[in-house]
Amino acid sequence: MGDLNRTNDQLMSAIRGALEEEKVPQWKWKLKSFVIASLLAGCILTFLHWIWPDAVTHQILTATSCVWLLLLIALSLYFKPQPRLEVRGFWSTWTWGRLLMGMTLISLLQIAVCPDLAALSNLPNYLSSLTEPMTQTFMNWGGMSLCMFFCGLIFSGLAAGLVFLTVREAIAYAPKKYFLGIFAVMLLGQSPVILLQTMDAHARLHLPYWLMGSLTALLTILFLFRQMRFEKTN
Amino acid sequence: MDESSDEALMQAYASGDARSFQTLFTRYEKRLRSFFFRRLSGARQNAVEDLFQITWLKIHQARKKFDSEQRFGSWAFTIAVNTIRDHVREARWKYESVSDHLEETASTDESSQSVLQWVDRQFLEEALKKLQDGPREILILSDIEGFSSSEIAKMKNKSDSAVRQILVRARLRLKEFAKLNQGESKKNHG
């Protein structure tokens, strides 16, 4: 009985909260999203410029603009008035917002850890030691194409796994119709990386391999998490 | 205690009135929970709670689309039925496709009456578990929740005649269970 009362209290509180949030004028929470997205994008631009002071400026600006746009969308979905309650199997706009935000930030991590992926100039020595052994191994196996495939597989797989762990409650027995949307959001989150690759003629040639690796990873993770169905929770 | 109709409360809730929402919630909380519990027989309480919460969140999301011409109860239970359909894989059951050649049952027959009129409530809870998902859901909506066959037809996206046929068969099944149960009781008590 205590559990039922707690559920009722949580639900009523969440819905009452949503009704209160709706009383705030729309422009206020949109402004909040804009300000936070801009501040974050500013920090990211500073960070990227610090890592690659010699990088071509328009590449950094393009990546940051893309990230800013994605963060703006994600934060708008997050701050939109709605019940703030995590329920297994329920996808609200703030769940989509969190998913997109997570994927965008992990894209940034991909660019920071492996600039070859985005055809940016070499990392400073203290950071390149992280990726050099792995890059060399893949290059020895099958050249640039295989390297890009494994890059997509590893980074997108890690990203997908991490994000799904964050929204696993919503994934549990979620309707199948949401999986295409989840997949689209994950690809959208990867768009800064894809954009940077398309901007470089050499990287563009190997983009299909990176996409194949990413798709393989995303579909594998999606398939694994689809198994967390209603029957499994019984 | 607010004596306003469900539809009036829903209109107020759609406009942002939290107290109207609270009154509606209090009125329908037990009914919806019981519906999920009976419908998902064998499910853990967690699953029932999840679907209960999802239904209310969906009601909240769709509140501005509520048409005051329709009954709130019917609308809310449609959302509940759709929530179950979306989230639970239903077993295939024989009553899904109803043949046009089925014989009409006489209206004075027990199978046209609500099961609550001729079956013990405690036995009903046990017997419902023995029915397949589809007929169980329709029987609960009709005989326990009190919805008409046309309302249920709308919820389930079926024809009125199909729903009535399913109801007839479900009640006949319960009648068989009741007879078996009676026979077993007589045996046990010597």
Side-chain angles (χ1 to χ4, degrees), chain A residues 1-26 77 80-97 167-182 226-234, chain B residues 9-34 36-37 39-64 76 79-91 129 133:
Chain A
M1 196 61 182
D3 285 342
L4 296 185
N5 287 337
R6 194 166 48 245
T7 305
N8 287 349
D9 289 341
Q10 283 172 353
L11 188 55
M12 286 204 285
S13 173
I15 291 177
R16 276 198 303 264
L19 291 171
E20 279 305 308
E21 282 182 20
E22 282 176 14
K23 290 176 183 165
V24 174
Q26 225 183 49
L77 293 173
K80 187 183 170 193
Q82 58 196 293
R84 310 268 168 197
L85 188 65
E86 274 197 64
V87 179
R88 265 186 302 176
F90 185 70
W91 278 80
S92 58
T93 46
W94 81 315
T95 313
W96 292 109
V167 296
R168 66 182 181 278
E169 288 294 292
I171 292 285
Y173 58 78
K176 286 179 197 175
K177 62 185 178 184
Y178 286 131
F179 283 102
L180 196 60
I182 295 166
R226 246 189 82 179
Q227 303 311 306
M228 289 169 59
R229 285 185 312 213
F230 175 76
E231 294 95 304
K232 300 280 180 188
T233 65
N234 281 301
Chain B
L9 286 170
M10 189 60 201
Q11 294 277 58
Y13 170 32
S15 306
D17 183 20
R19 270 175 52 176
S20 299
F21 153 69
Q22 228 157 297
T23 309
L24 267 176
F25 184 86
T26 310
R27 284 185 190 178
Y28 280 86
E29 176 230 328
K30 282 199 173 80
R31 278 181 71 182
L32 277 170
R33 218 180 231 118
S34 306
F36 281 120
F37 190 73
R39 171 63 182 80
L40 306 170
S41 68
R44 286 205 312 221
Q45 187 61 32
N46 285 346
V48 169
E49 286 310 304
D50 290 340
L51 294 183
F52 173 76
Q53 287 185 308
I54 290 171
T55 300
W56 276 106
L57 289 170
K58 284 185 176 179
I59 286 171
H60 176 80
Q61 280 181 337
R63 71 193 190 284
K64 290 186 180 172
I79 292 174
V81 164
N82 290 337
T83 300
I84 289 177
R85 192 195 56 216
D86 283 346
H87 293 270
V88 177
R89 193 174 56 188
E90 288 192 270
K129 292 177 189 173
D133 289 346

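Quick note: numbers below take in every heavy atom, side chains included, and nothing from hydrogens, waters or symmetry partners.
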Report task. Begin with the C-alpha distance, continue with both residues' side-chain angles, and end with the deciding distance and a verdict on side chain to side chain contact (heavy atoms under 4.5 Å, CB included) for A/Asn8 and B/Trp56. Result -> CA-CA 10 Å; A/Asn8 287 349; B/Trp56 276 106; over 6 Å; no

Query raised in the report: At what distance, to the nearest 0.5 angstrom, does CD of B/Glu49 lie from OG1 of A/Thr7?
Result: 4.0 Å

Query raised in the report: Can you check side chain to side chain contact (heavy atoms under 4.5 Å, CB included) on A/Ile15 and B/Phe25, steps first, answer last?
Result: CA-CA 11 Å; A/Ile15 291 177; B/Phe25 184 86; over 6 Å; no

Requested in this report: Report the C-alpha distance between A/Leu19 and B/Asp17 in whole Å, list the side-chain angles of each, state the deciding distance to 0.1 Å, and finish with yes or no for side chain to side chain contact (heavy atoms under 4.5 Å, CB included).
Outcome: CA-CA 8 Å; A/Leu19 291 171; B/Asp17 183 20; over 6 Å; no

Query raised in the report: What is the distance from atom NE2 of B/His60 to atom OG of A/Ser92, rounded to the nearest 0.5 Å?
Result: 10.5 Å

**Report entry** A/Val87 versus B/Asp50, closest heavy-atom pair with distance
**Finding:** CG1-O, 3.7 Å

Report task. Go through the steps for B/Gln22 and A/Arg16 under the test side-chain hydrogen bond (donor to acceptor under 3.5 Å, both in side chains), then give the verdict. Result -> CA-CA 9 Å; B/Gln22 228 157 297; A/Arg16 276 198 303 264; 3.1 Å; yes

Report task. Rounded to the nearest 0.5 Å, what's the gap from OG1 on B/Thr26 to CE on A/Met12? Could you check? Result -> 6.0 Å

Query raised in the report: So what's closer than 4.5 Å to chain B heavy atoms on A/Gln10: side chain, backbone, both or neither?
Result: side chain

Report summary line: B/Ala76 meets the side-chain contact (heavy atoms from CB on, under 4.5 Å) criterion, sequence neighbours left out, with B/Ile59, B/Phe72

Query raised in the report: For B/Gln11, what residues pass the side-chain contact (heavy atoms from CB on, under 4.5 Å) criterion, not counting sequence neighbours?
Result: B/Ser68

Query raised in the report: Between B/Glu29 and chain A, which part of the residue has a heavy atom less than 4.5 Å away: side chain, backbone, both or neither?
Result: side chain

Requested in this report: State the CZ-CD1 distance between A/Phe90 and B/Ile54, to the nearest 0.5 angstrom.
Outcome: 7.5 Å

Query raised in the report: side chain to side chain contact (heavy atoms under 4.5 Å, CB included) between B/Gln61 and A/Thr93: does it pass, once the steps are laid out?
Result: CA-CA 11 Å; B/Gln61 280 181 337; A/Thr93 46; over 6 Å; no

